[in-house]
Amino acid sequence: MRVMAQLAMVMNLDKCIGCHTCSVTCKQAWTNRSGTEYVWFNNVETRPGQGYPRRYEDQDRWRGGWELDRRGRLRPRSGGRARRLLTIFSNPLMPSIGDYYEPWTYDYASLTTAPLGDDFPVARPHSLVSGERMKVEWSANWDDDLGGGPALAAADPVVEKIAQDVRLDYERVFMFYLPRICEHCLNPSCMAACPSGAIYKREEDGIVLVDQDRCRGWRMCVTGCPYKKVYFNHRTGKAEKCTFCYPRVEVGLPTVCSETCVGRLRYLGVLLYDADRVAEAAETEDDTALYEAQLGVFLDPEDPDVRAAARRDGVPDAWVRAARDSPVHALVNRFRVALPLHPEYRTMPMVWYIPPLSPVVDALRGTGHDAEDAGNLFGAIETLRIPVSYLAELFSAGDPEPVTRVLRRLAALRSYMRDRNLGDPADPAKAEAVGMTGRDMDDLYRLLALARYEERYVIPTQAEAEAAALEESVCPVGEDAGARPGPFGEASGRPERASVESFHALRDRQTGGALVHPADRKGRVNLLNWDGQGRPGGLFPHRPKKKKEGEE
Amino acid sequence: MRVLLWAVLPYVSVVLLVGGTVWRWRYDRFGWTTRSSELYEKRLLRIASPLFHYGLIFVILGHVAGLVVPEGWMSALGVRESVYHAVSLYAGSLAGAAAVAGLAMLVYRRRTRGPVFSATTRNDKLMYVLLGASLLLGLAVTVVENGILGGYDYRTTVGPWFRGLFALRPDITLMEGIPLLYAFHTVIGMVLTALFPFTRLIHAFAAPWRYPFRPYLVYRSRTSGPRTRAERRGWEPIR
Ligand code: SF4
Ligand code: SF4
């Protein structure tokens, strides 16, 4: 067992109103530069819909993620190492700008500088890539709110996967929003595809980053990522991706997209997992068993053995504490209502989704039934096959069982809480019917409905982790024993460790007689002992006295 | 003049190549990239880029075989002069033609595709001129001097001179009387070498030869330890 910590996110899709605030604030923070005009680290897509970039889920075309080779071992779906190096000069599996969209601006100046005439002046769109006039034909959310109608939505690769007979039915039945960021996978295929080794996963928090100084612009990661969440900056020629706002989370602040989310639907917290079991879990043969396999990788922070192993493997105590309070841990492992997006890509994604119950509720209400009644809802989940199989394609490789289970839990919670709110006694049978207790119901309600800020975001800071490291529970002797100034005097060279320094200072004081010569103390004075009178030795640098004439 | 061309210029270009590469590595690792334009245009690139790059790889291998390996070694291996000549002529022309054709298509693509053209810098243009000139001259040398005009055995003149450079004993007399095309090709090649680290060509030095040997997943620590580590020179916090 090798314990590692991962900062992960859960999004509660029922609450997303599709306002794109997260996308816009993210863009303002990270991709408002030239070269990244077309880049949205965070994007919100309407489902059913094609997504961004267009039809990115069609892995027969783009070949992102992993597959199992004949011996059952993981191999990037776009091919192994040799194949990648041979196709390095031209990569047909990389989306081109048209698959995202050609970014544009308008020549607003023409509005004020146009000569007086009969026609209203118009600001015409100009490409931000070539500077030429262009026709706007697609964008990052062209099919927002099912804009473009069935013609566009039918090209959704997930819709294509569901059986033919349900196709035309779906748009009447349901629609929901899917906000997406980089998944900060446990088994990232972007990283596997990078020839320069520039993409790395941070040991401390599992954030996946691109080292801008090591990226050489081979653009293989764009192909490798099945979620198409690595982007090629066409000005700098380097790959860029979502950073999980690492400068913010390092100091305990939520990511920009979470902080600004209007629906307050994002949860951030720590998950502990066993790094030794990741590859094994990703090699699970059956696509539909991957969700369970991924759950099997996580470790329970309440388990004393896990906590001992965490300490052994250098996971700071503050992080283990945060893992116990983690809303992500609760939603993923305790209540099991959050599911990974496309587990069949085998990258072990770490942004989880609570599938939306609202399409079912809406459909039920539309038929005039009581949409808060557990029995009605359960029945609707069984009969409304289309939303369920659609959601199953997204979140459990097509297996309806996990999605149904989650939806039933959400339905039970809804009906359980209605009883409470109407003053009826809570009905524990409703909780038990979905394998939960009354207390679970209360906790889940608190987490999902009240969703208080400090319960949504439980982010341990890096400072806490570093403070622990500075305590130096390991004896540093032998590493830098004794002060060894560098060649340019006392201040040069490597600074001494605090503990080593105080050890030597203490020993000097104890063994060096009553008065330590200031010069031997390296100019250190304990001002706490100074009463303000006179001049303590060592306050000023030691200077050999010059004898004045006439003295003696 | 001859001393300048055949004894000074080679060393100047090598010094610039090495010095420039070190400078890029130390101060401009962020700028060290292929600056790929595949995002803008794929159809032409799909044919042109592999054609050019693979052609160029064989051209470079051919130069190694012709210039670095002494004639004696080849014959010791049982490769007769006529065989070598034929191989160098036909394989060399083929590789050279592929590289030239690829480059021509790439330049055409660069000129006609708006987004690609607007991403082209002056530095790129200079580089294309030099690269195109040296490739064309090289192809001309192979086809004209070695093919049409009959064989010219550069392995007794240019080859030994080239190796002499590395032994720090440049023998400029060897280069006297070499055909003019050879002279031009060699000089442009040296200028290109000198400019190499300052152009986008530098991405060739980033060839990912370590990729096949590393594990798929890369873990890295956020910092290399707690804050008492030595700071990089010039980056120490103010204490
Ligand atoms: S989702 Fe993120 S970590 Fe996972 S493969 Fe894509 S870019 Fe890499
Ligand atoms: S800000 Fe929140 S509610 Fe709005 S689109 Fe983003 S995730 Fe949905």
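A, B, ... follow the sequence lines: proteins, then strands. Residue 1 opens every chain.
A cation-pi contact, defined as under 6.0 Å to the ring centre and within 45° of the axis, links A/Arg81 to B/Tyr216. By the 6.0 Å and 45° rule, B/Arg220 stacks over the aromatic ring of A/Tyr200.
A donor-acceptor pair is defined here as one N or O able to donate and one able to accept, closer than 3.5 Å; such a pair exists between the side chain of A/Glu204 and the backbone of B/Arg222. Under a 3.5 Å cut-off, the side chain of A/Arg77 and the backbone N or O of A/Gly65 do not form any donor-acceptor pair. In terms of modelled atom types and a separation under 3.5 Å, the side chain of A/Asn187 and the main chain of A/Arg346 share a donor-acceptor contact. A/Ser127 contributes a side-chain N or O that, together with a main-chain N or O of A/Ser130, makes up a donor-acceptor pair within less than 3.5 Å. In this structure a side-chain-to-backbone donor-acceptor pair under 3.5 Å is present from A/Lys201 to A/Gly206.
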*Please walk me through it: do B/Arg110 and B/Thr120 pass side chain to side chain donor-acceptor pair (under 3.5 Å)?*
CA-CA 8 Å; B/Arg110 213 156 253 285; B/Thr120 309; 2.9 Å; yes
*For A/Glu283 and A/Arg73, run salt bridge (charged side-chain N to carboxylate O under 4.0 Å, His left out): C-alpha distance rounded to whole Å, both residues' side-chain angles, the deciding distance at 0.1 Å, then the answer.*
CA-CA 6 Å; A/Glu283 277 171 0; A/Arg73 288 205 315 230; 5.7 Å; no
*In sequence, state the C-alpha distance, the side-chain angles, and the governing distance for A/Arg2 and A/Asp313, and then conclude on salt bridge (charged side-chain N to carboxylate O under 4.0 Å, His left out).*
CA-CA 7 Å; A/Arg2 189 158 55 97; A/Asp313 294 341; over 6 Å; no
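Of the atoms belonging to A/Arg214, it is side-chain heavy atoms, and not backbone ones, that fall under 4.5 Å from chain B. Looking at A/Arg202, the atoms closer than 4.5 Å to chain B (heavy atoms on both sides) sit in the backbone and in the side chain alike. Contacts of A/Gln212 with chain B are made by both backbone and side-chain atoms, with heavy-atom separations under 4.5 Å. Of the two parts of A/Cys215, only the backbone, made up of N, CA, C and O, holds a non-hydrogen atom closer than 4.5 Å to a non-hydrogen atom of chain B. Proximity to chain B (any heavy atom under 4.5 Å) is restricted, for A/Leu186, to the backbone atoms N, CA, C and O. Neither the backbone nor the side chain of A/Asn233 comes within contact range of chain B, judged by heavy atoms closer than 4.5 Å. Residue contact with chain B, scored on non-hydrogen atoms closer than 4.5 Å, involves the backbone of A/Ile199 exclusively. Heavy atoms of A/Asn91 lying under 4.5 Å from chain B belong to its backbone as well as its side chain. Contact annotation for A/Tyr246: neither backbone nor side-chain heavy atoms come within less than 4.5 Å of a heavy atom of chain B. When heavy atoms are compared at a cutoff of 4.5 Å, A/Glu102 does not approach chain B at all.
Of all non-hydrogen atoms in A/His184 and A/Thr243, the two that sit nearest each other are CE1-C, 4.1 Å. Closest approach of B/Leu165 and B/Pro10 over heavy atoms only: CD1-CB, 3.7 Å.
For residues 121-142 of chain B, heavy-atom neighbours of chain A at less than 4.5 Å comprise no residues at all. Below 4.5 Å, heavy atoms of chain A meet no heavy atom from residues 185-202 of chain B. Inspection of non-hydrogen atoms places B/Thr34, B/Arg35, B/Ser36, B/Glu38, B/Leu39, B/Tyr40, B/Lys42, B/Leu45, B/Arg46, B/Ser49, B/Pro50, B/His53, B/Tyr54, B/Ile57 of residues 34-57 of chain B under 4.5 Å from chain A.
For the options A/Pro92, A/Ser196, A/Gly80, A/Gly197, heavy-atom pairs under 4.5 Å to chain B are most numerous at A/Pro92. Considering only heavy-atom pairs separated by less than 4.5 Å from chain B, the leading option among A/Gly237, A/Ala198, A/Ser96 is A/Ser96. Between chain B and the options A/Glu132, A/Lys238, A/Met4, the largest number of non-hydrogen pairs under 4.5 Å is found for A/Lys238. Counting heavy-atom pairs under 4.5 Å between each of A/Ser189, A/Gly217, A/Pro188, A/Pro195 and chain B puts A/Pro195 at the top. Among A/Arg235, A/Glu250, A/Met191, the residue with the largest count of heavy-atom pairs under 4.5 Å with chain B is A/Met191.
Distance CH2/A/Trp62 to CZ/A/Arg54: 10.5 Å, rounded to 0.5 Å. Here B/Tyr11 contributes atom OH and B/Leu17 contributes atom CG; the two are 14.5 Å apart, rounded to the nearest 0.5 Å.
Between B/Trp25 and B/Trp32, the angle of the ring planes goes over 60°, which puts this pair in the perpendicular group of the 30/60° scheme.
A/Glu240 is linked by a salt bridge (charged side-chain N to carboxylate O under 4.0 Å, His left out) to A/Arg33, counting only residues two or more places apart in sequence or in another chain.
A donor-acceptor pair shorter than 3.5 Å can be found between the side chains of A/Arg84 and B/Tyr211.
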